[in-house]
Amino acid sequence: MDEVQPDGGSSEATKVLIDRTGLDQLIAALGANGYLVVGPTVRDSAIVYDEIGSVADLPEGWTDEQDGGHYRLQRRLDDALFGYAVGPQSWKQFLFPPRNLLFSASRTAEGVRLNEPDVEFPYAFVGVRGCELAAIDIQDRVFLGGAYRDRSYAARREPAFIVAVNCGTPAHTCFCVSMGTGPRVGPGFDLALTELVEAHRHVFLVEVGTDRGAQILSSVSTSQPAPGDPQAADAVVEGAAAQMGRQMDTTGIKQLLERNMEHPRWDDVAERCLACGNCTMVCPTCFCSSVEDVTDLAGDNAQRWRRWDSCFTLDFSHVGESSTRSSTKSRYRQWMTHKLGTWIDQFDTSGCVGCGRCITWCPVGIDITEELAAIRSTEEQE
């Protein structure tokens, strides 16, 4: 990963302007430099992340309407390319795939030979929001920050090129301001865009974050920003911050949860929770996984796979002859207290970035901000 300055940009915070043609050139330049370019596109009535080849693949003129257990695409009144919040997928699926071959083994005349799969291409992510960039940083701490680096994750993460986008259209379920992760993107990008859609022009203010970002940008047609463009870009971010649909009071959050492990609210949420695991599947930071080994009938070839798992599954906490968290109450409490509290002990940060996906994609609309507020309110009243 290229070195990034602490403020998220280069030491001189280089900023230039590109138009839609320039964005097309940027996507083409990434492909020409060997990257598999992935970005937002419309599929199955949702905005998902998939391979893109040009601006034509982006969700032009689309936005999303979100609330607890509710997601719908809506047409915008303009031709914005990034005028939506976040969809059901996160960039985690590319760096930490849902099902990933760790290694294979085969029996030969000389003995057993182990083979690790190659990652054949580096990714270029286009459209990474501030909350999502923070989520990638959190997963970096999980997989790369400890004594044992995850080689499979590192092989995908380290060469990845990130084109971030400052958010201008938060969803009703977003609360990134509360978590300090957005809507302005933080450190970790190669290039960062702010989309400016005006009556007479449609342009992107570009900030350079790394040397390789500058190198890619050198093959793109750029111009100097007009005197008011930086202020217009700031207004986009400030407008998004003012439109947050949710908020979370994080003051003493770890200690608050530790004091309330037997709070009656856990019983209340358990009556509604389906233990389906949707919240963990759409979460950009959850990293629970299981390992499975498969072999052919002859016993000459075997594979070890890692697949996503969830703390909501009964088998995930199976120890000995039973599960240590056999009730829905205990599993939801484990998820929420780990995400917001004990994650801090492990990785020096909360595991929540305020993207709101767990609220939107919960079939019964359970709201993590509402659950925490209910616990805090009871304690304050007492």
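- Put simply, Leu256 and Met179 are part of the same group of oily side chains (I, L, V, M, F, W, Y) that touch within less than 4.5 Å, one to the next.
- For the residue pair Gln139 and Thr285, no side-chain donor N or O sits within less than 3.5 Å of a side-chain acceptor on the partner.
- Side chain of Arg331 to backbone of Arg325: a donor-acceptor contact under 3.5 angstrom is found.
- Cation-pi geometry between Arg76 and Trp62 is not satisfied (NZ or CZ under 6.0 Å from the ring centre, within 45° of the ring normal).
- At distances below 3.5 Å, at least one donor-acceptor pair connects side-chain atoms of Asp24 with backbone N or O atoms of Val55.
- Using a distance-only test at 3.5 Å, with no hydrogens or angles considered, no donor-acceptor pair links the side chain of Arg357 to the main chain of Pro284.
- Using a 4.0 Å cut-off between charged side-chain N and carboxylate O, Glu60 and Arg75 make no salt bridge.
- With hydrogens and angles ignored, the 3.5 Å screen pairs no side-chain donor or acceptor of Thr342 with any backbone N or O of Asp345.
- Ring-plane geometry between Trp91 and Phe94 is classed as tilted, the angle between the planes lying from 30 to 60 degrees on a 0 to 90 degree scale.
- Asp64 and Arg72 are not joined by a salt bridge, as no carboxylate oxygen comes within less than 4.0 angstrom of a charged side-chain nitrogen.
- Atom CG of Leu77 has 12 or fewer heavy atoms from other residues, nucleotides or ligands within 6.0 Å.
- When all heavy atoms of Val42 and Pro59 are compared, the closest pair comes out as CG2-CB, 3.7 Å.
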*Can Tyr153 and Phe96 be said to form a ring pair (Phe, Tyr, Trp, His ring centres under 6.0 Å), step by step?*
CA-CA 6 Å; Tyr153 180 87; Phe96 172 45; 7.4 Å; no

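- The heavy-atom pair separating Arg156 from Leu95 by the smallest distance is CD-O, 3.5 Å.
- A tilted orientation is assigned to the rings of Trp335 and Phe312, their planes being inclined by 30° to 60°.
- Judged by the 6.0 Å and 45° rule, Arg129 forms a cation-pi pair with Tyr84.
- Although no hydrogens or angles enter the test, the distance criterion places no donor-acceptor pair under 3.5 Å between the side chain of Thr250 and the main chain of Ile253.
- Using a 4.5 Å cut-off between side-chain heavy atoms of Ile, Leu, Val, Met, Phe, Trp and Tyr, with links allowed through other members, Leu144 and Ile138 fall into the same hydrophobic cluster.
- Closest approach of Pro225 to Leu205, counting heavy atoms only: CG-CD1, 3.7 Å.
- Within the structure, the salt bridge (Lys or Arg N to Asp or Glu O under 4.0 Å) test picks out the following pairs touching residues 174-185 (sequence neighbours left out): Arg184-Asp234.
- A donor-acceptor pair shorter than 3.5 Å can be found between the side chains of His338 and Gln346.
- The side-chain tip of Lys92 points at the ring of Trp308 from less than 6.0 angstrom away and within 45° of straight on.
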*Between Ser221 and Gln25, does a side-chain hydrogen bond (donor to acceptor under 3.5 Å, both in side chains) hold up when you go through it step by step?*
CA-CA 8 Å; Ser221 299; Gln25 293 173 351; 3.2 Å; yes

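- Side-chain atoms of Arg113 do not come within 3.5 Å of backbone N or O of Arg107 as any donor-acceptor pair.
- Of the possible donor and acceptor atoms, one in the side chain of Asp296 sits under 3.5 Å from a partner among the backbone N and O of Gly299.
- Side chains of Val353 and Glu132 form no contact here, defined as non-hydrogen atoms less than 4.5 Å apart.
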*Given the rule in the side-chain hydrogen bond (donor to acceptor under 3.5 Å, both in side chains) test, do Thr313 and Ser310 qualify, once you have shown the distances and angles that lead to the verdict?*
CA-CA 6 Å; Thr313 62; Ser310 171; 5.5 Å; no

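- For the residue pair Thr173/Thr360, the side-chain donor-acceptor check at 3.5 Å is satisfied.
- Arg99 and Glu292 are joined by a salt bridge, as a carboxylate oxygen and a charged side-chain nitrogen come within less than 4.0 angstrom of each other.
- If you check the side chains of Asp293 and Gln303, you find no donor sitting under 3.5 Å from an acceptor.
- Side chains of Thr41 and Asp57: no donor on one and acceptor on the other come within 3.5 Å.
- Ring geometry, Tyr332 versus Trp266: the interplanar angle falls from 30° to 60°, so the pair is classed tilted.
- Remark: the His172 side chain and the Gln243 side chain contain no N/O donor-acceptor pair separated by less than 3.5 Å.
- Judged purely by distance below 3.5 Å, without hydrogens or angles, the side chains of Asp300 and Ser106 never pair a donor atom with an acceptor atom.
- Here the CZ-CG distance, from Phe103 to Asn115, works out to 10.5 Å after rounding to the nearest 0.5 Å.
- For Glu371 and Arg376, the salt-bridge test fails: no basic side-chain N is under 4.0 Å from an acidic carboxylate O.
- Counting only distance, with no hydrogens or angles, the side chain of Asp44 and the backbone of Ala46 share no donor-acceptor pair below 3.5 Å.
- Gln89 places no side-chain N or O within 3.5 Å of a backbone atom of Val48 that could act as its donor or acceptor partner.
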